[in-house]
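For reference, the structure is listed below as C-alpha coordinates.
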2 protein chains.
Amino acid sequence: MTESHTDDSHLSKRDERLGLMIWFRLSRVYNQSLKETHQHLKKWDLTAAQFDILAQVGAHNRLTQKQLADKLFVTKGNITQLLGKLEELGLVKREQEWKTKYVSLTKRGKSLFDKVVPVQEQFQASQYDGLDREEKKQLLGLLKKIQK
Amino acid sequence: MTESHTDDSHLSKRDERLGLMIWFRLSRVYNQSLKETHQHLKKWDLTAAQFDILAQVGAHNRLTQKQLADKLFVTKGNITQLLGKLEELGLVKREQEWKTKYVSLTKRGKSLFDKVVPVQEQFQASQYDGLDREEKKQLLGLLKKIQK
DNA sequence: AAGCATCAGTTTAGTTGTAAACTGAATAAA
DNA sequence: TTTATTCAGTTTACAACTAAACTGATGCTT
(Lines give C-alpha, C1' and ligand atoms only; values in the text may rest on other atoms or scores of the structure.)
Protein backbone atom coordinates (compact mmCIF):
# COMPACT_ATOMS: atom_id res chain seq x y z
CA MET A 1 0.00 0.00 0.00
CA THR A 2 1.12 3.59 -0.61
CA GLU A 3 2.63 5.28 2.39
CA SER A 4 1.11 8.38 3.95
CA HIS A 5 -1.35 8.87 1.14
CA THR A 6 -4.21 10.78 2.71
CA ASP A 7 -4.14 12.92 -0.45
CA ASP A 8 -1.72 12.46 -3.27
CA SER A 9 -3.39 14.03 -6.30
CA HIS A 10 -2.32 17.68 -6.00
CA LEU A 11 -1.97 18.91 -2.48
CA SER A 12 -4.25 18.44 0.46
CA LYS A 13 -6.78 21.17 1.24
CA ARG A 14 -4.78 21.72 4.38
CA ASP A 15 -1.61 22.45 2.50
CA GLU A 16 -3.45 24.73 0.14
CA ARG A 17 -4.85 26.65 3.06
CA LEU A 18 -1.40 26.96 4.58
CA GLY A 19 0.03 28.19 1.31
CA LEU A 20 -2.65 30.84 1.00
CA MET A 21 -2.05 32.03 4.52
CA ILE A 22 1.64 32.31 3.79
CA TRP A 23 0.91 34.35 0.70
CA PHE A 24 -1.31 36.80 2.54
CA ARG A 25 1.07 37.12 5.44
CA LEU A 26 4.07 37.55 3.19
CA SER A 27 2.39 40.30 1.29
CA ARG A 28 1.41 42.07 4.49
CA VAL A 29 4.86 41.82 6.02
CA TYR A 30 6.45 43.06 2.82
CA ASN A 31 4.11 45.98 2.27
CA GLN A 32 4.25 47.06 5.86
CA SER A 33 8.01 46.94 5.78
CA LEU A 34 8.03 48.96 2.59
CA LYS A 35 5.80 51.60 4.09
CA GLU A 36 7.98 51.97 7.16
CA THR A 37 11.02 52.17 4.94
CA HIS A 38 9.41 55.00 3.02
CA GLN A 39 8.55 56.80 6.21
CA HIS A 40 12.07 56.49 7.48
CA LEU A 41 13.66 57.68 4.25
CA LYS A 42 11.56 60.84 4.19
CA LYS A 43 14.10 62.38 6.53
CA TRP A 44 16.46 62.61 3.60
CA ASP A 45 13.82 63.24 0.96
CA LEU A 46 14.53 59.91 -0.66
CA THR A 47 12.13 57.22 -1.84
CA ALA A 48 12.87 53.55 -1.37
CA ALA A 49 13.62 53.06 -5.04
CA GLN A 50 16.01 55.99 -5.04
CA PHE A 51 17.73 54.66 -1.95
CA ASP A 52 18.20 51.27 -3.57
CA ILE A 53 19.98 52.85 -6.50
CA LEU A 54 22.07 55.08 -4.28
CA ALA A 55 23.12 52.07 -2.20
CA GLN A 56 23.98 49.92 -5.22
CA VAL A 57 25.86 52.58 -7.13
CA GLY A 58 27.69 53.70 -4.03
CA ALA A 59 28.72 50.18 -3.17
CA HIS A 60 30.00 49.30 -6.63
CA ASN A 61 30.88 52.64 -8.10
CA ARG A 62 30.65 52.57 -11.86
CA LEU A 63 27.91 50.23 -12.96
CA THR A 64 26.12 50.10 -16.28
CA GLN A 65 22.37 50.66 -16.26
CA LYS A 66 21.82 47.06 -17.28
CA GLN A 67 23.85 45.77 -14.35
CA LEU A 68 21.90 48.02 -12.05
CA ALA A 69 18.59 46.74 -13.40
CA ASP A 70 19.69 43.16 -12.92
CA LYS A 71 20.92 43.71 -9.40
CA LEU A 72 17.68 45.38 -8.39
CA PHE A 73 15.43 42.98 -10.31
CA VAL A 74 13.62 45.72 -12.19
CA THR A 75 13.35 46.64 -15.86
CA LYS A 76 15.78 48.84 -17.73
CA GLY A 77 12.96 51.28 -18.36
CA ASN A 78 12.48 51.74 -14.67
CA ILE A 79 16.18 52.44 -14.20
CA THR A 80 16.14 55.04 -16.96
CA GLN A 81 13.32 56.89 -15.24
CA LEU A 82 14.80 56.71 -11.77
CA LEU A 83 18.23 57.82 -12.93
CA GLY A 84 16.62 60.77 -14.65
CA LYS A 85 15.29 61.94 -11.33
CA LEU A 86 18.48 61.24 -9.41
CA GLU A 87 20.45 63.12 -12.02
CA GLU A 88 18.12 66.08 -11.62
CA LEU A 89 18.77 65.95 -7.90
CA GLY A 90 22.48 65.99 -8.64
CA LEU A 91 23.14 62.69 -6.89
CA VAL A 92 24.35 60.53 -9.78
CA LYS A 93 25.96 61.12 -13.14
CA ARG A 94 25.96 59.07 -16.32
CA GLU A 95 29.04 58.85 -18.51
CA GLN A 96 28.78 57.37 -21.95
CA GLU A 97 31.76 55.25 -22.81
CA TRP A 98 31.72 53.40 -26.08
CA LYS A 99 28.24 51.95 -26.29
CA THR A 100 27.26 51.76 -22.63
CA LYS A 101 26.60 54.34 -19.95
CA TYR A 102 28.32 54.08 -16.63
CA VAL A 103 26.54 55.34 -13.57
CA SER A 104 28.40 56.77 -10.61
CA LEU A 105 27.77 59.04 -7.67
CA THR A 106 28.48 62.76 -7.74
CA LYS A 107 30.13 64.42 -4.78
CA ARG A 108 26.71 65.21 -3.35
CA GLY A 109 25.60 61.64 -3.98
CA LYS A 110 28.67 60.22 -2.28
CA SER A 111 28.15 62.44 0.71
CA LEU A 112 24.51 61.45 0.99
CA PHE A 113 25.46 57.81 0.58
CA ASP A 114 27.85 57.99 3.52
CA LYS A 115 25.25 59.67 5.65
CA VAL A 116 22.18 57.60 4.81
CA VAL A 117 23.20 54.08 3.93
CA PRO A 118 24.53 52.88 7.29
CA VAL A 119 21.58 54.34 9.19
CA GLN A 120 19.04 53.04 6.75
CA GLU A 121 20.53 49.58 6.59
CA GLN A 122 20.44 49.35 10.33
CA PHE A 123 16.83 50.47 10.34
CA GLN A 124 15.99 47.96 7.65
CA ALA A 125 17.56 45.13 9.59
CA SER A 126 15.89 46.23 12.81
CA GLN A 127 12.53 45.29 11.38
CA TYR A 128 13.38 41.69 12.17
CA ASP A 129 14.41 42.32 15.74
CA GLY A 130 11.49 40.19 16.86
CA LEU A 131 13.44 37.14 15.74
CA ASP A 132 16.56 35.83 17.37
CA ARG A 133 19.57 34.86 15.32
CA GLU A 134 18.54 31.25 14.97
CA GLU A 135 15.09 32.21 13.74
CA LYS A 136 16.54 34.63 11.24
CA LYS A 137 18.69 31.89 9.80
CA GLN A 138 15.67 29.63 9.63
CA LEU A 139 13.57 32.26 7.88
CA LEU A 140 16.30 33.01 5.38
CA GLY A 141 16.67 29.31 4.66
CA LEU A 142 12.97 28.85 4.09
CA LEU A 143 12.79 31.85 1.78
CA LYS A 144 15.71 30.56 -0.24
CA LYS A 145 14.06 27.17 -0.50
CA ILE A 146 10.92 28.70 -1.96
CA GLN A 147 12.93 30.04 -4.87
CA LYS A 148 14.35 26.54 -5.41
CA MET B 1 29.82 39.45 34.13
CA THR B 2 27.19 39.90 31.41
CA GLU B 3 26.33 36.74 29.58
CA SER B 4 26.83 36.36 25.84
CA HIS B 5 27.72 40.02 25.40
CA THR B 6 29.87 40.05 22.29
CA ASP B 7 27.82 43.10 21.26
CA ASP B 8 24.99 44.54 23.24
CA SER B 9 24.68 48.13 22.05
CA HIS B 10 22.31 47.76 19.07
CA LEU B 11 22.62 44.52 17.21
CA SER B 12 25.72 42.72 16.14
CA LYS B 13 26.98 43.32 12.61
CA ARG B 14 26.14 39.70 12.02
CA ASP B 15 22.51 40.15 12.94
CA GLU B 16 22.30 43.29 10.84
CA ARG B 17 23.68 41.43 7.87
CA LEU B 18 21.17 38.63 8.39
CA GLY B 19 18.34 41.13 8.61
CA LEU B 20 19.37 42.77 5.38
CA MET B 21 19.59 39.45 3.60
CA ILE B 22 16.10 38.61 4.80
CA TRP B 23 14.82 41.92 3.50
CA PHE B 24 16.31 41.39 0.05
CA ARG B 25 15.15 37.81 -0.16
CA LEU B 26 11.68 38.65 1.05
CA SER B 27 11.31 41.34 -1.54
CA ARG B 28 12.50 39.02 -4.29
CA VAL B 29 10.20 36.18 -3.27
CA TYR B 30 7.27 38.55 -3.01
CA ASN B 31 7.84 40.31 -6.31
CA GLN B 32 8.48 37.09 -8.16
CA SER B 33 5.34 35.60 -6.73
CA LEU B 34 3.39 38.67 -7.73
CA LYS B 35 4.70 38.50 -11.27
CA GLU B 36 3.75 34.86 -11.63
CA THR B 37 0.34 35.61 -10.22
CA HIS B 38 -0.14 38.29 -12.82
CA GLN B 39 0.93 35.94 -15.56
CA HIS B 40 -1.46 33.28 -14.41
CA LEU B 41 -4.42 35.65 -14.11
CA LYS B 42 -3.96 36.89 -17.66
CA LYS B 43 -5.94 33.86 -18.79
CA TRP B 44 -9.05 35.54 -17.44
CA ASP B 45 -7.99 39.10 -18.23
CA LEU B 46 -7.76 39.93 -14.56
CA THR B 47 -5.03 41.74 -12.67
CA ALA B 48 -3.95 40.64 -9.21
CA ALA B 49 -5.67 43.60 -7.56
CA GLN B 50 -8.89 42.88 -9.41
CA PHE B 51 -8.72 39.25 -8.39
CA ASP B 52 -8.27 40.18 -4.75
CA ILE B 53 -11.43 42.23 -4.83
CA LEU B 54 -13.36 39.57 -6.69
CA ALA B 55 -12.28 36.98 -4.15
CA GLN B 56 -13.15 39.12 -1.14
CA VAL B 57 -16.50 40.32 -2.42
CA GLY B 58 -17.43 36.86 -3.61
CA ALA B 59 -16.55 35.33 -0.27
CA HIS B 60 -18.46 37.83 1.84
CA ASN B 61 -21.08 39.13 -0.52
CA ARG B 62 -22.18 42.61 0.40
CA LEU B 63 -19.29 44.52 1.90
CA THR B 64 -18.87 48.26 2.24
CA GLN B 65 -15.94 49.86 0.48
CA LYS B 66 -14.34 50.67 3.78
CA GLN B 67 -14.50 47.06 4.91
CA LEU B 68 -13.00 46.00 1.62
CA ALA B 69 -10.14 48.48 1.99
CA ASP B 70 -9.42 47.25 5.50
CA LYS B 71 -9.46 43.61 4.51
CA LEU B 72 -7.08 44.18 1.64
CA PHE B 73 -4.84 46.64 3.53
CA VAL B 74 -5.11 49.34 0.92
CA THR B 75 -6.53 52.86 0.91
CA LYS B 76 -10.15 53.75 0.24
CA GLY B 77 -8.99 55.73 -2.77
CA ASN B 78 -7.51 52.66 -4.31
CA ILE B 79 -10.75 50.76 -3.78
CA THR B 80 -12.74 53.52 -5.47
CA GLN B 81 -10.54 53.30 -8.54
CA LEU B 82 -10.52 49.53 -8.75
CA LEU B 83 -14.26 49.25 -8.28
CA GLY B 84 -14.74 51.78 -11.05
CA LYS B 85 -12.94 49.45 -13.43
CA LEU B 86 -14.66 46.31 -12.19
CA GLU B 87 -18.00 48.01 -12.55
CA GLU B 88 -17.14 48.93 -16.12
CA LEU B 89 -16.34 45.29 -16.73
CA GLY B 90 -19.74 44.39 -15.32
CA LEU B 91 -18.32 42.23 -12.56
CA VAL B 92 -19.44 44.12 -9.46
CA LYS B 93 -22.20 46.54 -8.59
CA ARG B 94 -22.46 49.22 -5.92
CA GLU B 95 -25.70 49.88 -4.11
CA GLN B 96 -26.05 52.98 -1.99
CA GLU B 97 -27.96 52.37 1.19
CA TRP B 98 -28.21 55.22 3.63
CA LYS B 99 -24.75 56.71 3.69
CA THR B 100 -22.65 53.72 2.70
CA LYS B 101 -22.26 51.79 -0.51
CA TYR B 102 -22.49 48.04 -0.52
CA VAL B 103 -20.45 46.14 -3.05
CA SER B 104 -21.58 42.81 -4.45
CA LEU B 105 -20.97 40.64 -7.47
CA THR B 106 -23.12 40.76 -10.57
CA LYS B 107 -24.17 37.56 -12.27
CA ARG B 108 -21.12 37.79 -14.53
CA GLY B 109 -18.94 38.45 -11.51
CA LYS B 110 -20.34 35.51 -9.62
CA SER B 111 -19.80 33.23 -12.56
CA LEU B 112 -16.21 34.42 -12.99
CA PHE B 113 -15.66 34.05 -9.26
CA ASP B 114 -16.71 30.40 -9.37
CA LYS B 115 -14.49 29.73 -12.34
CA VAL B 116 -11.34 31.58 -11.28
CA VAL B 117 -11.05 31.60 -7.52
CA PRO B 118 -10.51 27.88 -6.85
CA VAL B 119 -7.98 27.56 -9.65
CA GLN B 120 -6.14 30.71 -8.71
CA GLU B 121 -6.00 29.88 -5.04
CA GLN B 122 -4.56 26.51 -5.84
CA PHE B 123 -1.98 28.12 -8.08
CA GLN B 124 -1.14 30.67 -5.42
CA ALA B 125 -0.63 27.98 -2.82
CA SER B 126 1.43 25.89 -5.20
CA GLN B 127 4.16 28.49 -5.14
CA TYR B 128 5.20 27.08 -1.80
CA ASP B 129 5.30 23.47 -2.93
CA GLY B 130 9.02 23.48 -2.29
CA LEU B 131 8.24 23.38 1.41
CA ASP B 132 6.70 20.48 3.27
CA ARG B 133 3.86 21.01 5.69
CA GLU B 134 6.12 21.42 8.69
CA GLU B 135 8.21 24.03 6.96
CA LYS B 136 5.13 25.93 5.90
CA LYS B 137 3.95 26.09 9.47
CA GLN B 138 7.38 27.26 10.52
CA LEU B 139 7.47 29.97 7.89
CA LEU B 140 4.02 31.17 8.77
CA GLY B 141 4.98 31.30 12.42
CA LEU B 142 8.10 33.32 11.72
CA LEU B 143 6.22 35.77 9.54
CA LYS B 144 3.61 36.27 12.21
CA LYS B 145 6.31 36.84 14.79
CA ILE B 146 7.83 39.63 12.70
CA GLN B 147 4.58 41.54 12.90
CA LYS B 148 4.66 41.09 16.70
C1' DA C 1 30.67 46.42 -48.11
C1' DA C 2 25.58 45.34 -47.22
C1' DG C 3 22.49 43.37 -44.45
C1' DC C 4 21.01 41.41 -40.18
C1' DA C 5 20.92 40.32 -35.37
C1' DT C 6 21.95 41.86 -30.89
C1' DC C 7 22.02 44.66 -27.09
C1' DA C 8 21.91 49.13 -24.01
C1' DG C 9 19.12 52.52 -23.24
C1' DT C 10 14.77 55.32 -24.06
C1' DT C 11 9.99 56.14 -24.64
C1' DT C 12 5.11 55.43 -24.08
C1' DA C 13 0.94 53.71 -22.30
C1' DG C 14 -1.12 51.43 -18.72
C1' DT C 15 -1.72 49.47 -13.75
C1' DT C 16 -1.20 49.80 -8.80
C1' DG C 17 -0.74 52.20 -5.04
C1' DT C 18 -0.35 56.33 -1.63
C1' DA C 19 -1.33 60.78 0.56
C1' DA C 20 -3.94 64.57 1.08
C1' DA C 21 -7.57 67.53 0.05
C1' DC C 22 -12.34 67.54 -0.87
C1' DT C 23 -17.72 66.35 -0.93
C1' DG C 24 -21.76 65.29 1.31
C1' DA C 25 -24.53 63.17 4.56
C1' DA C 26 -25.49 61.84 9.47
C1' DT C 27 -24.95 62.78 14.06
C1' DA C 28 -23.91 65.47 18.17
C1' DA C 29 -23.67 69.83 20.59
C1' DA C 30 -24.52 74.67 21.31
C1' DT D 1 -32.01 75.51 14.69
C1' DT D 2 -27.53 76.26 13.63
C1' DT D 3 -22.92 74.77 13.96
C1' DA D 4 -19.40 71.48 14.17
C1' DT D 5 -17.66 66.72 14.02
C1' DT D 6 -17.26 62.56 11.94
C1' DC D 7 -16.98 59.36 8.49
C1' DA D 8 -17.59 56.97 3.66
C1' DG D 9 -16.37 57.73 -0.57
C1' DT D 10 -14.16 60.57 -4.39
C1' DT D 11 -10.69 63.18 -6.61
C1' DT D 12 -6.13 64.69 -7.75
C1' DA D 13 -1.32 64.56 -8.06
C1' DC D 14 2.39 61.80 -7.76
C1' DA D 15 5.78 57.56 -7.36
C1' DA D 16 6.91 53.08 -8.99
C1' DC D 17 6.78 49.62 -12.00
C1' DT D 18 5.97 46.74 -16.31
C1' DA D 19 5.58 45.48 -21.11
C1' DA D 20 6.36 46.46 -25.50
C1' DA D 21 7.81 49.20 -29.17
C1' DC D 22 11.49 52.04 -30.61
C1' DT D 23 16.51 54.14 -31.38
C1' DG D 24 21.21 53.55 -32.44
C1' DA D 25 25.42 51.55 -32.26
C1' DT D 26 28.31 47.15 -32.39
C1' DG D 27 29.54 43.43 -34.66
C1' DC D 28 28.76 39.09 -37.21
C1' DT D 29 27.81 36.86 -41.71
C1' DT D 30 27.81 36.28 -46.35
Side-chain angles (χ1 to χ4, degrees), chain A residues 27-28 30-42 44-54 56-57 62-89 91-104, chain B residues 27-28 30-42 44-54 56-57 62-89 91-104:
Chain A
S27 123
R28 274 174 61 185
Y30 175 77
N31 284 306
Q32 177 183 309
S33 196
L34 200 59
K35 201 178 290 182
E36 284 169 24
T37 296
H38 252 104
Q39 212 58 34
H40 193 249
L41 282 171
K42 266 191 182 169
W44 299 277
D45 270 309
L46 281 174
T47 65
Q50 289 167 356
F51 172 81
D52 285 343
I53 291 192
L54 198 72
Q56 284 295 330
V57 176
R62 275 179 75 78
L63 284 153
T64 67
Q65 296 192 186
K66 182 64 168 51
Q67 288 173 327
L68 203 43
D70 290 343
K71 275 190 191 303
L72 296 176
F73 298 95
V74 297
T75 57
K76 296 169 293 168
N78 190 13
I79 293 293
T80 294
Q81 295 167 337
L82 288 169
L83 285 182
K85 238 161 282 173
L86 288 173
E87 223 171 28
E88 253 180 50
L89 296 172
L91 298 174
V92 309
K93 57 177 183 289
R94 283 186 269 198
E95 291 160 322
Q96 184 120 17
E97 193 165 303
W98 295 96
K99 58 173 180 172
T100 59
K101 290 187 179 175
Y102 284 91
V103 185
S104 56
Chain B
S27 123
R28 273 173 61 186
Y30 175 76
N31 284 304
Q32 178 182 310
S33 197
L34 201 58
K35 201 178 290 182
E36 283 170 23
T37 296
H38 253 104
Q39 212 58 35
H40 192 248
L41 281 171
K42 266 191 182 168
W44 298 277
D45 269 309
L46 281 175
T47 65
Q50 289 167 355
F51 172 81
D52 285 342
I53 291 192
L54 197 73
Q56 284 295 331
V57 177
R62 272 177 77 77
L63 284 154
T64 67
Q65 295 190 189
K66 182 63 167 52
Q67 288 173 328
L68 203 44
D70 290 342
K71 275 190 191 305
L72 297 175
F73 298 95
V74 296
T75 58
K76 296 169 294 169
N78 189 14
I79 293 294
T80 294
Q81 294 166 338
L82 287 168
L83 285 182
K85 239 161 281 172
L86 287 174
E87 222 171 29
E88 252 180 51
L89 296 172
L91 298 174
V92 309
K93 59 176 181 294
R94 281 186 270 197
E95 290 159 323
Q96 185 121 15
E97 193 166 303
W98 295 97
K99 57 174 182 175
T100 59
K101 289 186 181 176
Y102 284 90
V103 184
S104 56

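Labels below follow one simple rule: chain letters A, B, ... track the order of the sequence lines, proteins then strands, and each chain is numbered from 1.
Atom CG in B:Asn31 sits about 13 Å away from atom C1' in C:dT16, given to the nearest Å. C:dT16 atom C1' lies 15 Å from atom NZ of B:Lys35, rounded to whole Å. Between the C1' atom of C:dT11 and the CG atom of A:Leu82 lies a distance of 15 Å, rounded to the nearest Å. Rounded to an integer number of Å, the gap from A:Gln39 CD to C:dG17 P is 19 Å. Between the CG atom of A:Asp52 and the P atom of D:dA15 there is a distance of 17 Å, given to the nearest Å. Protein atom OH of A:Tyr30 is 13 Å distant from nucleotide atom P of C:dT18, rounded to whole Å. Between the CD atom of A:Gln96 and the C1' atom of C:dC7 there is a distance of 13 Å, given to the nearest Å. Between the P atom of D:dC17 and the CG atom of A:Asp70 lies a distance of 15 Å, rounded to the nearest Å.
Looking at A:Arg62 and A:Glu95, their side chains come closer than 4.5 Å, going by heavy atoms from C-beta outward. A 4.5 Å side-chain heavy-atom check between A:Leu72 and A:Ile53 finds at least one atom pair inside the cut-off. A 4.5 Å side-chain heavy-atom check between B:Gln65 and B:Thr80 finds at least one atom pair inside the cut-off. When side chains are defined from C-beta on, B:Thr100 does not count as touching B:Lys66, because their heavy atoms never get closer than 4.5 Å. Here the side chains of A:Tyr102 and A:Leu63 are not in contact, with every heavy-atom distance at 4.5 Å or above.
Nearest to the side-chain atoms of B:Val74 among the listed nucleotides C:dG17, D:dC17, D:dT18 stands C:dG17. Of the candidates C:dT18, C:dT16, D:dA16, the closest approach to any side-chain atom of B:Ala49 belongs to C:dT16.
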Please write out each protein N/O paired with an N/O of nucleotides 9-13 of chain D under 3.5 Å, distance rounded to 0.1 Å.
unit_1	atom_1	unit_2	atom_2	d
D:dG9	OP1	B:Gln65	N	3.3
D:dG9	OP1	B:Lys101	N	3.0
D:dG9	OP1	B:Lys101	O	3.1
D:dG9	OP2	B:Gln65	N	3.2
D:dG9	OP2	B:Lys66	N	2.5
D:dG9	N7	B:Lys76	NZ	3.1
D:dT10	OP1	B:Arg94	NH1	3.2
D:dT10	OP1	B:Lys101	NZ	2.9
D:dT10	OP2	B:Gln65	OE1	3.4
D:dT10	OP2	B:Gln65	NE2	2.8
D:dT10	OP2	B:Thr80	OG1	2.8
D:dT10	OP2	B:Arg94	NH1	3.1

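For B:Lys71, the NZ atom is loosely surrounded, since the number of other residues' heavy atoms within 6.0 Å does not exceed 12.
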